[in-house]
Amino acid sequence: MNPQPSDIRLLAIVGPTAVGKTDLALRIGRQVAAEAVSADSRQIYRLMDIGTAKATMAEREVLPHHLVDIVDPDDTLTLAQYLELAKAAIAEIHARGKLPILVGGTGLYVRALLEGWTVPEAPPDEAFRQRMYALAEAEGAKALSQRLAEVDLEAAASIDARNVRRVIRALEVHHLTGQPISKLQRKRPPGYDVWTIGLTCSRERLYARIDARVERMLAAGLEEEVRQLLDRGYDPTLPSMSGLGYRQMAAYLTGETTQAEAVQQIKRDTRRFVRQQYNWFRLSAGWITWYDIAEVNPERIAAKAVTFARTGERAQKAQDGALFAEPGAEPT
RNA sequence: GCCGAGGUAGCUCAGUUGGUAGAGCACUUGACUGAAAAUCAAGGUGUCCCCAGUUCAAGUCUGGGCUUCGGCA
């Protein structure tokens with residue numbers, strides 16, 4: 001008998017990069033039987049350890065991590081594949097009598113999982129994409145969007161015509177399924193017994209943490225890690241190499257920029273990324289119990305999580321240092 | 001000390017024949033359903049170094065001052 005999702009107690013830890021999500025998960029892992037399910041689109045890659053700030057092997061002894069190191073840098077993992085693997089991992093961990101902890105900063109993954117997005121069954125068709133890009137090149141992005149309007153008016157209206165990538169995906173779905181993407185996108189909440197903790201702090205503080213972390217990555221050998229990837233023949237244009245730290249380091253190592261510029265750009269781009277992350281994890285979101293790390297000791301947050309693991313009891317907003325009192329707010 | 005070139009948005013700078021300013025980046029915000037740390041979009045920003053003068057009107061012209069950077073002593 002498979003357990004119903006509603007039987008599965010799931011803790012989620014979200015927030016911007018470098019705020020301390022992994023650290024919190026480890027603290028919890030030392031106190032209760034738990035395993036982590038990563039919701040990080042970059043930690044999936046093997047050989048990319050330093051720049052993605054993966055938990056160390058020793059830390060993974062304490063808290064086993066799923067969905068980390070699962071594909072090679074020249075491979076890709078799609079959203080649909082991620083969702084399948086994550087759901088399976090969560091079910092397995094629960095079956096072992098342990099607490100699954102969803103940890104990660106990839107908003108798309110977290111939201112898609114917790115909100116139960118049904119991804120249209122249309123795997124990428126590279127040849128089709130190439131043709132569409134050529135078309136966009138020849139006739140312009142507008143023309144492509146008009147083509148989409150002919151088969152899917154709703155999608156054409158909601159996707160910015162200038163965002164060629166998304167317009168092509170919508171066309172691709174119609175091409176492969178004969179149906180408009182706007183009709184295939186569904187949400188079916190999986191119904192986990194989930195509590196989502198969000199970690200945050202002021203931008204000023206976070207930006208300082210980011211700068212410090214980038215320096216630590218450099219000291220730990222980020223440059224050498226990227227050089228080895230290039231030496232192994234992994235091309236700078238691969239999706240995996242578009243990650244923070246890798247893209248800029250590769251540009252330096254191939255002579256496009258100076259080292260100092262590359263480092264500065266990593267810091268700058270990471271700050272930009274943080275702003276993007278807050279679009280997925282809004283401070284005003286009722287489904288997240290936010291804690292400001294400058295105000296609440298991580299041990300105290302971990303204690304709340306442990307209580308949840310044991311009893312299913314969530315810390316109340318408006319107490320325990322949680323931000324944004326909105327009692328009764330439900331996950332969407 | 002002398003000669004030259006500057007001082008305009010957080011930074012680098014543009015600003016035509018005088019009509020109270022503008023681009024890139026930064027910064028802030030938003031979208032996001034099989035590439036997502038991707039891709040795309042929107043937005044604000046100013047003692048135009050200071051003082052005086054000419055003028056209906058000065059970032060722009062004139063004089064003085066302060067200051068930065070070169071070169072020469």
Side-chain angles (χ1 to χ4, degrees), chain A residues 16-18 38-45 48 51-54 71 73-86 104-126 128-130 132-133 136 141-142 144-145 152 154-155 157-173 175-177 179-188 203-204 207 210 213-214 217 237-250 261 264-284:
Chain A
T17 193
S38 167
D40 186 304
S41 67
R42 298 293 152 172
Q43 294 187 358
I44 60 170
Y45 296 111
M48 302 180 125
T52 63
K54 282 176 196 166
V71 298
D74 56 355
D75 208 352
T76 55
L77 184 79
T78 66
L79 173 63
Q81 291 170 319
Y82 172 81
L83 291 174
E84 238 172 81
L85 292 170
T106 302
L108 176 75
Y109 289 0
V110 173
R111 294 275 294 271
L113 183 72
L114 297 184
E115 295 173 6
W117 294 6
T118 311
V119 181
E121 286 183 35
D125 181 335
E126 284 309 325
F128 178 83
R129 289 181 181 187
Q130 299 277 321
M132 290 302 115
Y133 271 115
K142 269 235 170 76
L144 211 61
S145 178
D152 189 347
E154 203 182 322
S158 67
I159 300 171
D160 191 314
R162 290 164 294 191
N163 197 336
V164 176
R165 193 129 146 182
R166 292 191 56 222
V167 171
I168 289 179
R169 172 58 187 163
L171 283 165
E172 181 181 59
V173 168
H175 172 71
L176 295 173
T177 67
Q179 295 191 66
I181 191 172
S182 56
K183 291 280 173 294
L184 296 173
Q185 298 175 154
R186 288 280 135 69
K187 287 183 187 178
R188 290 219 314 272
R203 284 296 155 86
E204 194 187 7
Y207 290 174
I210 287 168
R213 175 145 104 172
V214 170
M217 285 175 174
T237 61
L238 287 169
S240 64
M241 293 294 270
S242 71
L244 293 166
Y246 297 90
R247 181 176 54 223
Q248 300 85 351
M249 254 327 151
E261 256 168 0
Q264 200 178 24
Q265 280 168 6
I266 294 172
K267 292 174 180 174
R268 188 241 291 158
D269 292 346
T270 305
R271 288 194 280 269
R272 186 149 47 193
F273 171 54
V274 159
R275 281 175 245 136
Q276 221 178 112
Q277 287 180 299
Y278 274 106
N279 280 324
W280 293 98
F281 309 126
R282 282 185 201 296
L283 291 174
S284 59

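We name chains A, B, ... by the order of the sequence lines, and we start the count at 1 in each one. Values reported hereafter were calculated over all heavy atoms of this structure, with side chains retained and with hydrogens, waters and symmetry mates removed.
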Would you sort out whether A:T52 and A:Y45 count as a side chain to side chain contact (heavy atoms under 4.5 Å, CB included), showing the intermediate values? CA-CA 9 Å; A:T52 63; A:Y45 296 111; over 6 Å; no

So what does [X] hit on the nucleic acid, given a heavy-atom distance under 4.0 Å: a base, only sugar-phosphate, or nothing?
{"X": "A:Q277", "value": "nothing"}
{"X": "A:A112", "value": "nothing"}
{"X": "A:T76", "value": "nothing"}
{"X": "A:R42", "value": "base"}
{"X": "A:Y82", "value": "nothing"}
{"X": "A:G245", "value": "nothing"}

Between A:T17 and A:R213, do the side chains contain a donor N or O and an acceptor N or O under 3.5 Å apart? yes

Are A:R111 and A:T106 close enough that a side-chain donor and a side-chain acceptor fall under 3.5 Å? no

Checking base pairs now: Watson-Crick or wobble, both atom distances under 3.5 Å. What partners [N]?
{"N": "B:A35", "result": "none"}
{"N": "B:U55", "result": "none"}
{"N": "B:G4", "result": "B:C69"}
{"N": "B:G22", "result": "B:C13"}
{"N": "B:C40", "result": "B:G30"}
{"N": "B:G46", "result": "none"}

Say you pick atom [atom1] in [N] and the same atom in [M]; how far apart are they, in whole Å?
{"N": "B:A9", "M": "B:A35", "atom1": "P", "result": "44 Å"}
{"N": "B:G15", "M": "B:C69", "atom1": "C1'", "result": "22 Å"}
{"N": "B:A58", "M": "B:U8", "atom1": "C1'", "result": "14 Å"}
{"N": "B:A23", "M": "B:G18", "atom1": "C1'", "result": "23 Å"}
{"N": "B:G44", "M": "B:U29", "atom1": "P", "result": "15 Å"}
{"N": "B:U17", "M": "B:C11", "atom1": "P", "result": "28 Å"}
{"N": "B:A73", "M": "B:C66", "atom1": "C1'", "result": "24 Å"}
{"N": "B:C56", "M": "B:C72", "atom1": "C1'", "result": "47 Å"}

Could you tell me the separation between the [atom1] atom of [X] and the [atom2] atom of [N], rounded to a whole number of Å?
{"X": "A:D40", "N": "B:A35", "atom1": "CG", "atom2": "P", "result": "17 Å"}
{"X": "A:R272", "N": "B:A41", "atom1": "CZ", "atom2": "C1'", "result": "13 Å"}
{"X": "A:M241", "N": "B:A36", "atom1": "CE", "atom2": "C1'", "result": "18 Å"}
{"X": "A:L83", "N": "B:A36", "atom1": "CG", "atom2": "P", "result": "12 Å"}
{"X": "A:Y133", "N": "B:C40", "atom1": "OH", "atom2": "C1'", "result": "11 Å"}
{"X": "A:M132", "N": "B:A35", "atom1": "CE", "atom2": "C1'", "result": "18 Å"}
{"X": "A:K267", "N": "B:G10", "atom1": "NZ", "atom2": "C1'", "result": "17 Å"}
{"X": "A:Q265", "N": "B:A26", "atom1": "CD", "atom2": "C1'", "result": "12 Å"}

Which is more 5' along RNA chain B, the nucleotide nearest A:A80 or the one nearest A:V164? Just name the residue. A:A80

Of A:R247 and A:V173, the one whose closest nucleotide on RNA chain B sits nearer the 5' end is A:V173

Whether A:R162 contacts B:C40 is assessed here as follows: a side-chain N or O lying under 4.0 Å from the phosphate OP1 or OP2. Is that the case? no

Between [X] and [Y], which heavy-atom pair has the shortest distance, and what is it?
{"X": "A:Q43", "Y": "A:K54", "answer": "O-CE, 3.4 Å"}
{"X": "A:V164", "Y": "A:A136", "answer": "CG1-CB, 4.1 Å"}
{"X": "A:K187", "Y": "A:W117", "answer": "CE-NE1, 3.4 Å"}

Which letter, B, S or -, goes with each nucleotide of nucleotides 28-33 of chain B from 5' to 3', with contact meaning a protein heavy atom under 4.0 Å? BSBBBB

Just wondering, do A:Q276 and A:P16 contact through their side chains at under 4.5 Å, heavy atoms? no

Is there a donor-acceptor pair under 3.5 Å between the side chain of A:E172 and the backbone N or O of A:D125? yes

Does CD in A:Q264 sit with more than 12 non-hydrogen atoms of other residues, nucleotides or ligands closer than 6.0 Å? no

Give a yes or no on this: more than 12 heavy atoms of other residues, nucleotides or ligands lie within 6.0 Å of atom CD of A:E84. no

